[in-house]
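Order of the sequence lines fixes the chain letters, A, B, ..., with proteins taken first and strands second; residue numbering starts at 1 for each chain. Worth knowing before you read on, the calculation uses all heavy atoms, side chains too, and leaves out hydrogens, waters and symmetry mates.
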Amino acid sequence: MRFDSSDSGSDSDSSLDNVPLKRKLSDSEKHGLPTPPLSNAPLISDQRLSSDRDDPPESDGELDSVNAPADSELAEVTDGSDNGLLDDKKDLPNPKKRRWTTFEHNGVVFPPPYKPLPQDVKLYVDGQPLNLSLIAEEMAYIYAKSMHLSHAQKPLFIRNFLEDFGAAVRDCTGVEITSIERCDFSKILAHIEAQRKLQRELPVEEKEKVQQARQEEVEKYGYVYIDGVKEPLASGFRIEPPGFYSGRGDHPKLGKYKRRLVPEDFTLNLSEGVKVPDPPPGHKWGEIVHNPRAVWTARFFDPLTGKDKYVLPTSGSTTSNASEQKKFDLARMLKREIGYVRKYYMNMLKSTSMVEREMGTIIYLVDKFAFRIGHDKHEDNADTVGCTTLRCEHVTLKPPNRVVFDFLGKDSIRYYNEVEVHPQVYTNLRIFKRAPKQAKDTVFMTSGMNMLVKMNAILPGLTPKVFRTYNASSLMQDLLADVPDDLTEAEKVERFQDANRKVAILCNHKKETPPSGSLRIVETLQHTLLEKKWDLWYHALELANSFSEQAEALRSTKPWIFERDSELTDDVIEEIHTRIYEKKVKLAYSSSKSAAVAKRAEAKNMDVELYKKELLDRQLKEAETLKEKLANLRMNGYHPRKLGPAKVNIVLNQIKKAESDIRKTLQAIERKQEYSEVALDTSKTNYIDPRLVVRYSKRHNIPLEKFLNTAQRKKFEWAFDSVDEDWIF
DNA sequence: CCAATCGACTCAGAAACTTCAAC
DNA sequence: AGTTGAAGTTTCTGAGTCGATTG
C-alpha cells in the first residue's frame, strides 16, 4: 500500500486546515516534502536518459501500481551532474535569441472593397425600403450572407448584431430597428443567390483566370524570406474581411461587428534596410518594426477581443518543422522519464503541503485524462475551463473512487467522462471540493502558471501540454503495435483509423454531427437492416414449415431465429415489401439498358430493341408476381408454403446469409455512428508523431497516402526519411 | 518578489470549396 | 448522363498554451 490508510478516505485529515486561500506559493510549500529538492540542479542522470528500457516497472499504464520512489532512488536521480533534458532545453526556441538576420516580405492582402448593391436591391423594414449608407448596407449584406448559419440563430448573436447594425441604420436613416423580425433581407438574399449562380456558371476559362490571379497573389504575398530562404505563410496573410464575431459557445461578443481593417491597423515586421512594402494607395502602415526575435510578418490589434493577431509562417516552413520536431522529441523524452515523473507526482498526492497535494492531483489528471491545464481568463469570454480552472460543479464524486467530469473545454466542447481514479486522488478531490473557497468555486487554488513552474522543476522542459502529446502518441504506438501482419491492406487501414479514433477520444476532439437520420447512407443502411431481418424471419418460417430434422436442430440451437423481430411490425413489413418491389422494378429498367444485354441480343442474332423490351417485360412481370406473393403473405398472416425436403438446404443457406448480412449491416451502422462525432484530423495533425505513421506505412508496405492527405504529407515531410519500420516513439 | 499581463506561438472546429461517385 | 449528396480538402479565424515582462 502506497498511502497510509488513515490518510486516504479519512475525514480526520488535519491538513485540511492548511488549505491556503491564496494562489500563492510560499517557499516552503514550493519545496515541501516529500518531494525531492527542486533546485535548478539537474534531476536526471545521463544513464536514465540514454536508456529507454530502464524505466521503473509500470503495469500497463495503471498508475495505481506505481510505487513511490525510494529515497535512495531519488537521491540518485537528483545527483546527476549532467542533464540531457537541460541540454536539450538550450535548443528550445529561445525568445531572447535572434531568429534571423534578414526578414523580407510583401505585406498582406486586403479584401476587395465593398461593392454597393444595385439600386433596386434594398433592405426592407416594416415593408418600407431603406436607403442605407454604404457602411450600413455592407453590414446588411454581410449579415444576409451568413444569417442561415446556426450561430447566427442564437438570440445573443441577434441581440448584438441588432445593437451594432441598428446604430448604423439609425445614423443614416433615423429608423429604429428593435427586432430582427421587422427586417426583410429577402431582396438582398436573392441578389446574393444570383451572384453565386453567376459565379458557378462562369465559363471554364474565366474560372481559370480567377484561379491564376489567386495563385499570383499567393506567390507575391504568401511567403516570407528568412535569411533568403523562401518560407510559406499561413493563410492569415489574406486579411479578414469585415464581419460579425463568430465566437464558439456562449461568447458574450457573439454577433458584434468587426469593422474593416485598414493598413493603419497593422504593424509589419521586417529586417532593417529591406524594402518596406507599399501600403495601398492613400494609406500608411501603422508601424514598422525590426524584431529579430519573432517570425511574424504582420500583426494587428483586434479591438473586439483585445488581442493581437499575427501572420506567421505555416506548416512546412523551416521554423514550423523545427518546433514540430522539438515538440515530439520532448514528448518522447517524457516517455522515457514517465516512470520517474509518475512516481514523483504520486508522491505529491499525499504531501502534508496542500499546495503540493493539489499539484500532484492536477498532474495526475493531466497525465491520465489528457486535460488541458487551463488558465484564468477574462470574464467577457465564453465560460470554458481547463484542469486548474475546473469548478466544483464540474466534478462529481461517487464513492468509493469514481469521478464524473462534465465541463466545457476549449472551443466550448463538452467533456463528459465517468472514471475511476486512484483512491488518494479521490480523497484529495473530496478535500479540495469541501475546502472553503474564495469568490470562484474552483476545485484547485493553484493556477495554471504555477503548474508550469512546478512541471519545469520536475523535469526541465516539461509543460502540461507535453503530457497530451506524449499520451496521444504513446497510445497510438501501442494500438498500432497490436495490428497483426496477416491482415489485408484495407483491414490495416481500418485498424489505423480505429487507433486514430481512440486517440481523438482521449483528446476529446469532436465534430458537429449532422442531425440524426439526415445522412442518406445511414438511412440506406437502416433500410438494408430491416430488409435482412425480414429475410431472416421469412426463411425461418419457411424452414419451420418443412418439419425437417434441420429445422428442429436449429430451433434448439438458435431459437431466436424463429422469433419475429420487434421492429418488424405489419406496417414496417409493408414498407419493406414496397421497397423490395421498387428495387426490382428499378433494376429491371437499368439492366435492360445495359451494354451486356445488347451484346447478348447480338450474340443471339436478335433485334436489340426487341430483346430489351422482352427482357424488361419479363422482369417487370416477375416484380409484379413477387409483389402479389408478398401481399398475400401479409394478408394471410405470414404462412409460407410448405417447404419440400429438397429445398431445405437452400433455405438453410439463405438463413445463414441473412444472419451474416444483419451482422455486417449492424457493424457498418455502428462504425458510421462511432465516427460521426469524433474528429480525427486534429489529433493526426497535432498530437500523433508523424514518424509513427511513416513507420506503420513502411512496416506494412502501405502507401502513406492511405493515412495522410496532401497537406499532412507536406507538413510532415521532415519525418519521412529518418524513420524505418523499427522506429520507436 | 510574484501575480498579472503581454507577446507570440500552437491548437481547434466550422464553413467553404472541390472532387468523387451513386443513382 | 446529369444531378445530387457525400467525402475529402482548404480556408478561416477563434481559443488555447506558455515564456517573458512588468508594476
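For Tyr245(A), there are no side chain to side chain donor-acceptor pair (under 3.5 Å) partners two or more places apart in sequence or in a different chain. Listed by chain and number, the residues in a side chain to side chain donor-acceptor pair (under 3.5 Å) with Thr318(A) are Glu231(A) (sequence neighbours excluded). With sequence neighbours left out, Thr267(A) forms a side-chain contact (heavy atoms from CB on, under 4.5 Å) with Glu287(A), Val289(A), Trp296(A), Arg299(A). Every residue two or more places apart in sequence or in another chain was checked for a side-chain contact (heavy atoms from CB on, under 4.5 Å) with Val210(A), and none qualifies.
Position along DNA chain C of the nearest nucleotide to Thr305(A) versus Gln712(A) favours Gln712(A) as the more 5'-ward residue. Residues Ile373(A) and Ala711(A) both approach DNA chain C. Their nearest nucleotides, taken by heavy-atom distance, put Ala711(A) toward the 5′ side.
At a threshold of 4.0 angstrom between heavy atoms, the contacts of Lys253(A) with the nucleic acid are absent.
Two rings, from Phe371(A) and Tyr415(A), have their centers less than 6.0 Å apart. Between Phe110(A) and Phe266(A), the distance separating the two ring centers is shorter than 6.0 angstrom.
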Contact pattern, 5' to 3', of nucleotides 6-11 of chain B - B, S or - by protein heavy atom under 4.0 Å: -SBBBB
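When distances are taken from the side chain of Tyr245(A) to each of dG13(B), dG14(C), dT13(C), the shortest belongs to dG14(C).
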Kindly give the atom pairs (protein nitrogen or oxygen, nucleotide nitrogen or oxygen) under 3.5 Å for nucleotides 15-21 of chain B.
none

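dA1(C) makes up no base pair with any nucleotide shown, lacking Watson-Crick or G-U wobble contacts both under 3.5 Å.
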